[in-house]
Amino acid sequence: MPSLYDDLLVEPAKFKSFAPRIFSYSLVTSTNEVARGLIDQNAGDGTVVVADSQSQGHGRYDRRWESPLGGLYLSLLLTPRIDVAHAPLLGLLCAVGAAYTVHQISQEDALLKWPNDLLLKGKKIGGILSELVIGQEPLAIIGVGVNINIVLHDLPPTVRENSTSLAHETGRKFSLSEVLLALLENVDKLLARVEASNSFDSVLAEWRRLSATLGRQVVVTGQFREVEGYALDIDELGRLIVQQSDESEVIVSIGDVEHLSM
Ligand code: BTN
């Protein structure tokens with residue numbers, strides 16, 4: 001079956017940090033699962049799996065990720081660059097790249113909700129699912145889903161309530177091939193900066209600038225216990241630092257954030 005991305009022309013030589021090798025499909029279970037299968041066949045850094053829709057798209061905590069036609073669904077294989085401890089930062093990097101891409105194509109300001117949600121006008125427009133595979137070399141599978149041309153009625157009511165799409169907010173339709181190319185270029189530029197400085201500091205700075213979470217009262221669930229407090233900062237590994245009402249600080253590495261009112 002042909003895919004919407006079959007016409008995509010990528011010139012790997014124009015990329016500084018990775019050479020994209022694109023596998024495009026009309027329908028897959030989940031691009032992350034296809035990418036995992038390709039690792040078993042020796043696929044490596046720069047492999048991109050993209051699909052027009054997914055039958056079993058999933059998000060963090062194995063939640064279903066609704067994947068009707070019109071969304072961008074891709075998984076990118078990346079080696080962790082500095083070292084494996086920094087692998088979680090690749091998810092933040094791709095979230096920054098996705099926010100840049102939304103702005104580049106639509107002039108809309110997407111913001112980031114810790115750890116890796118993309119918000120537009122306070123509603124979820126995208127998310128990132130990072131997984132780490134430790135084989136011959138460690139490889140991160142970064143799954144990116146963004147509601148680009150999705151018609152909100154194609155989402156179940158419970159999801160629709162808190163979600164939006166770029167087409168819904170702008171009244172325009174976008175070429176998914178162009179969006180994919182812009183995203184890969186933005187991720188490449190961010191990675192090239194990481195490599196040049198041997199640090200993720202520039203990514204962390206951009207994540208902070210685009211953050212909808214920092215500076216707010218939040219409740220974080222999903223770690224050992226619920227943590228409530230003021231979202232102070234992220235640390236050098238992208239973990240969220242929450243200041244509780246008694247001024248003590250808790251560092252959260254995984255969890256779901258709820259933004260409380262300002
Ligand atoms: C989340 O918000 O929980 C993360 C959502 C990640 C969805 C993307 S779509 C492409 C890739 N394939 C999947 O099954 N999930 C990710």
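Remember, it's 1-based here, ligands and their atoms both numbered in the order they're listed. Keep in mind that what you see is a predicted model, and the values were worked out from it rather than measured.
- One N or O on the side chain of Trp114 and one on the backbone of Gly238 form a donor-acceptor pair closer than 3.5 Å.
- Counting atoms of ligand 1 from 1 in the listed order, those under 4.0 Å from a heavy atom of Ile128 are 4 (C).
- Annotation: atom 5 (C) of ligand 1 to nearest protein heavy atom, Trp65 CE3, 3.5 Å.
- Under 4.0 Å is where a charged nitrogen must lie from a carboxylate oxygen, and between Lys14 and Asp188 no such pair does.
- Considering every non-hydrogen atom in both Ile234 and Leu214, the closest pair reads N-CD2, 4.2 Å.
- Using a cut-off of 4.0 Å between Lys/Arg side-chain N and Asp/Glu carboxylate O, Arg36 and Glu131 are scored as salt-bridged.
- Residue Asp117 has at least one heavy-atom neighbour below 4.0 Å for each of these atoms of ligand 1: 2 (O).
- In this structure, Arg63 does not count as a contact residue of ligand 1, since none of its heavy atoms falls inside 4.0 Å of the ligand.
- A salt bridge is absent between Asp256 and Lys113: the closest approach of a Lys/Arg side-chain nitrogen to an acidic carboxylate oxygen does not fall below 4.0 angstrom.
- Proximity of Val144 to ligand 1, defined as any heavy-atom pair under 4.0 Å, is confined to the backbone N, CA, C and O atoms.
- A distance-only check finds a donor-acceptor pair linking the side chain of Ser67 to the backbone of Trp65 [under 3.5 Å].
- Close contacts between ligand 1 and Ser30 involve ligand atoms 12 (N), 13 (C), 14 (O) [criterion: under 4.0 Å to a heavy atom].
- Residue, atom and distance of the protein heavy atom nearest to atom 15 (N) of ligand 1 are His58 O, 2.7 Å.
- Ranking the protein heavy atoms by distance from atom 12 (N) of ligand 1 puts Gln54 OE1, 2.9 Å first.
- Scanning all protein heavy atoms for the shortest distance to atom 10 (C) of ligand 1 gives Thr31 OG1, 3.2 Å.
- Linking ILVMFWY side-chain heavy atoms closer than 4.5 Å, directly or via other members, places Leu90 and Phe15 in a single hydrophobic cluster.
- For the side chain to side chain contact (heavy atoms under 4.5 Å, CB included) criterion with Asp233, the lone passing option out of Gln243, Arg239, Arg208 is Arg208.
- Within the listing of ligand 1, atoms 14 (O) sit less than 4.0 angstrom from a heavy atom of Gly57.
- Atom 6 (C) of ligand 1 has as its closest protein heavy atom Gly127 O, 3.7 Å.
- Within ligand 1, the atoms closer than 4.0 Å to a non-hydrogen atom of Gly59 are 1 (C), 3 (O), 4 (C), 5 (C), numbered from 1 in the order shown.
- The closest heavy-atom contact to atom 2 (O) of ligand 1, among the options Lys124, Lys113, Arg60, comes from Lys124.
- Both Leu184 and Leu118 belong to a single network of hydrophobic side chains, linked directly or stepwise wherever heavy atoms of I, L, V, M, F, W or Y lie under 4.5 Å apart.
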